[in-house]
Amino acid sequence: MRILLFGSRGMLGSDLQKEFEDSGHEVMGVDREEVDITHGPNIADVFHTIEPEVVINATGYTDVDGAETNREAAFVLNSEAVKYLAEAAAAVSAKFVHISTEMVFDGDNKSGYNETTEPHAVNVYGESKAAGEKHVLVYESGGYLVRTSWLYGKFSQRGKPRGLNFIETMIKLANEKPEVKVVNDQFGKLTSTKDLAQAITQLISGGYVPGIYHLVNEGVASWYDVAKEIWQRCGLKATLQPISSSEYPSIAKRPKYSVLVNTKFPPLRPWQQALADYLS
Ligand SMILES: NC(=O)c1ccc[n+]([C@@H]2O[C@H](COP(=O)([O-])OP(=O)(O)OC[C@H]3O[C@@H](n4cnc5c(N)ncnc54)[C@H](OP(=O)(O)O)[C@@H]3O)[C@@H](O)[C@H]2O)c1
């Protein structure tokens with residue numbers, strides 16, 4: 001298939017680019033340097049160049065705390081630009097795949113959130129992503145809305161101020177400090193960008209119908225549980241201390257139990273296995 005990938009040098013985008021190439025697809029990856037998707041007219045040219053059969057949007061305003069004070073910038077990229085891409089994809093009858101987040105939900109429901117749950121965000125990032133989702137779902141021939149959560153991968157997350165994923169941050173802190181404190185009252189599904197890229201490749205080539213998909217590694221954990229696993233696997237010496245969210249205040253409110261339930265797609269492997277692979 002001919003695939004046009006936006007956000008190809010981001011953390012997820014880099015793994016998507018690699019996975020598509022490895023699977024034998026023809027992929028044209030672009031990032032902000034080539035096409036700033038917040039300017040609608042920019043998009044048309046690149047569509048003419050490749051005439052895509054599949055369009056993937058792996059861009060995002062991903063600085064969750066920054067979005068609280070940059071509401072407009074978050075909405076322009078996470079919502080308005082999604083509309084431009086969805087319209088351009090519809091005009092050439094291409095499949096449109098858009099990546100969204102567990103943060104469209106409030107995290108108050110301990111049973112988690114399946115594909116039919118209505119979004120209700122608790123921070124600006126989540127609100128802007130929920131607004132973007134609407135443009136995918138009205139897309140005439142149907143878009144693919146992929147929600148995922150707690151991503152990590154071997155490429156750096158460009159939208160994050162320090163660029164390091166949670167795993168690398170933990171290892172760095174453990175090597176620098178005698179004690180590391182990690183939140184133990186926020187729960188989610190840690191997901192490998194490599195596994196997600198493989199699942200998305202399967203989604204676009206496997207005859208799945210358009211709609212909402214929750215693609216996450218299986219198993220619920222707190223950030224502290226994840227840290228414990230890293231400590232064990234890497235033999236880290238620093239003391240690991242569980243703390244509550246109130247002891248680690250952040251600018252944006254975080255959902256407490258942001259667990260995506262996948263009822264429509266073959267389950268991805270457990271997060272511990274994916275993490276072991278990443279660390280090996
Ligand atoms: N990270 C997570 O834990 C997580 C969890 C759930 C869902 N998601 C979603 O997954 C997607 C990918 O996330 P990620 O962590 O891989 O993000 P990322 O590393 O920040 O990558 C995003 C990419 O989008 C590019 N971009 C930003 N503004 C652009 C613009 N105006 N035009 C074109 N490209 C632009 C960025 O380029 P610059 O670096 O030049 O800005 C960057 O390469 C996002 O939609 C995010 O909301 C992420």
Side-chain angles (χ1 to χ4, degrees), residues 4-19 29-43 46 55-67 70 72-85 88 97-105 107 113 119 121 123-133 135-136 144-169 186 188-197 199-200 213-217 223 226 252 254-255 258-260 271:
L4 175 55
L5 167 64
F6 291 93
S8 64
R9 287 194 284 279
M11 180 169 67
L12 172 61
S14 301
D15 267 318
L16 282 169
Q17 173 94 31
K18 185 171 181 314
E19 184 59 33
V30 290
D31 214 298
R32 199 211 307 244
E33 289 87 347
E34 295 85 29
V35 187
D36 179 345
I37 62 164
T38 60
H39 297 286
N42 288 353
I43 295 169
V46 72
V55 176
I56 310 225
N57 180 24
T59 73
Y61 184 106
T62 53
D63 179 357
V64 178
D65 288 322
N70 294 298
E72 198 187 335
F75 270 81
V76 166
L77 183 56
N78 289 345
S79 179
E80 271 176 45
V82 179
K83 183 166 185 277
Y84 301 146
L85 291 180
V97 183
H98 174 70
I99 316 299
S100 192
T101 167
E102 86 288 359
M103 285 214 198
V104 298
F105 298 118
Y113 300 88
N123 56 39
V124 173
Y125 170 70
E127 284 172 26
S128 68
K129 293 293 289 187
E133 288 188 351
H135 301 307
V136 185
Y144 293 78
L145 174 59
V146 173
R147 294 196 187 112
T148 189
S149 64
W150 292 23
L151 290 182
Y152 68 96
K154 66 178 171 156
F155 299 93
S156 65
Q157 192 188 8
R158 310 217 316 171
K160 208 171 183 182
R162 61 177 180 274
L164 288 181
N165 67 41
F166 179 78
I167 321 299
E168 299 304 330
T169 303
Q186 283 172 29
K189 286 186 172 173
L190 184 77
T191 300
S192 142
T193 50
K194 188 175 159 204
D195 287 20
L196 177 58
I200 291 173
Y213 290 85
H214 286 181
L215 303 184
V216 280
N217 281 121
W223 288 117
V226 175
R254 261 46 177 199
S258 52
V259 172
L260 296 175
W271 67 268

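Each ligand, and each atom within it, is numbered from 1 in the order the structure gives.
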### Message
Using a plain distance cutoff, I'd like to know if G13 has any nitrogen or oxygen under 3.5 Å from a nitrogen or oxygen of ligand 1.
### Response
no
### Query
Does Y125 have a non-hydrogen atom less than 4.0 Å from ligand 1?
yes
### Message
Using a 4.0 Å cut-off to any heavy atom of V35, which atoms of ligand 1 qualify?
### Response
32 (N), 33 (C)
## Note on the structure
One finds that the ligand 1 atoms under 4.0 Å from a non-hydrogen atom of T38 are 31 (N)
### Message
With rounding to the nearest 0.5 angstrom, report the OG to NE2 distance, S149 to H214.
### Response
9.5 Å
### Task
Spell out, as yes or no, whether a donor-acceptor pair under 3.5 Å connects the side chain of T148 to the backbone of L215.
yes
### Message
Can a donor-acceptor pair be found, under 3.5 Å and without considering hydrogens, that links the side chain of N165 to the backbone of G153?
### Response
yes
### Task
Kindly identify the option in L16, D31, T59 whose heavy atom sits closest to atom 36 (C) of ligand 1.
D31
### Task
Answer yes or no: does an N/O atom from K129 fall short of 3.5 Å to an N/O atom of ligand 1?
yes
### Query
So do the side chains of E127 and F75 get within less than 4.5 Å of each other, counting heavy atoms only?
yes
### Message
Please list, in number order, the atoms of ligand 1 under 4.0 Å from a heavy atom of D36.
### Response
30 (C), 31 (N), 32 (N)
### Query
With a 4.5 Å heavy-atom cut-off, do W271 and V226 have their side chains touching?
yes
### Message
Using a 4.0 Å heavy-atom cut-off, which part of M11 comes near ligand 1: side chain, backbone, both, or neither?
### Response
both
### Message
Is there a side-chain contact between Y152 and L190 in this structure, where contact means two heavy atoms from C-beta onward sitting under 4.5 Å apart?
### Response
yes
### Message
I want to confirm something. Looking only at heavy atoms, which of A58, G153, A74 is nearest to atom 22 (C) of ligand 1?
### Response
A58
### Query
Is it the side chain (CB and beyond), the backbone, both or neither of E33 that lies under 4.0 Å from ligand 1, heavy atoms counted?
neither
### Summary
d(R254 CZ, N123 CG) to nearest 0.5 Å is 7.0 Å
### Query
Does A81 have a heavy atom less than 4.0 Å from any atom of ligand 1?
no
### Query
Where does T62 meet ligand 1, judged by heavy-atom distances below 4.0 Å: at the side chain, the backbone, both, or neither?
side chain
### Message
Only heavy atoms of L12, strictly under 4.0 Å: list the atoms of ligand 1 that pass.
### Response
16 (O)
### Query
Counting N and O atoms only, with roles assigned by atom type, does the side chain of N78 sit under 3.5 Å from a partner on the main chain of G132, one being a donor and the other an acceptor?
no
### Option set I99, L196, L77, criterion heavy-atom distance to atom 27 (C) of ligand 1, minimum
L77
### Summary
R9 heavy atoms within 4.0 Å reach ligand 1 at atoms 43 (O)
### Query
Between E102 and K189, is there a salt bridge with N-O shorter than 4.0 Å?
no
### Message
Within the 4.5 Å heavy-atom criterion, are V55 and F6 side-chain neighbours or not?
### Response
yes
#### Entry: Nearest candidate to atom 6 (C) of ligand 1, where distance is taken over non-hydrogen atoms, out of V82, T148, L260, N57
T148
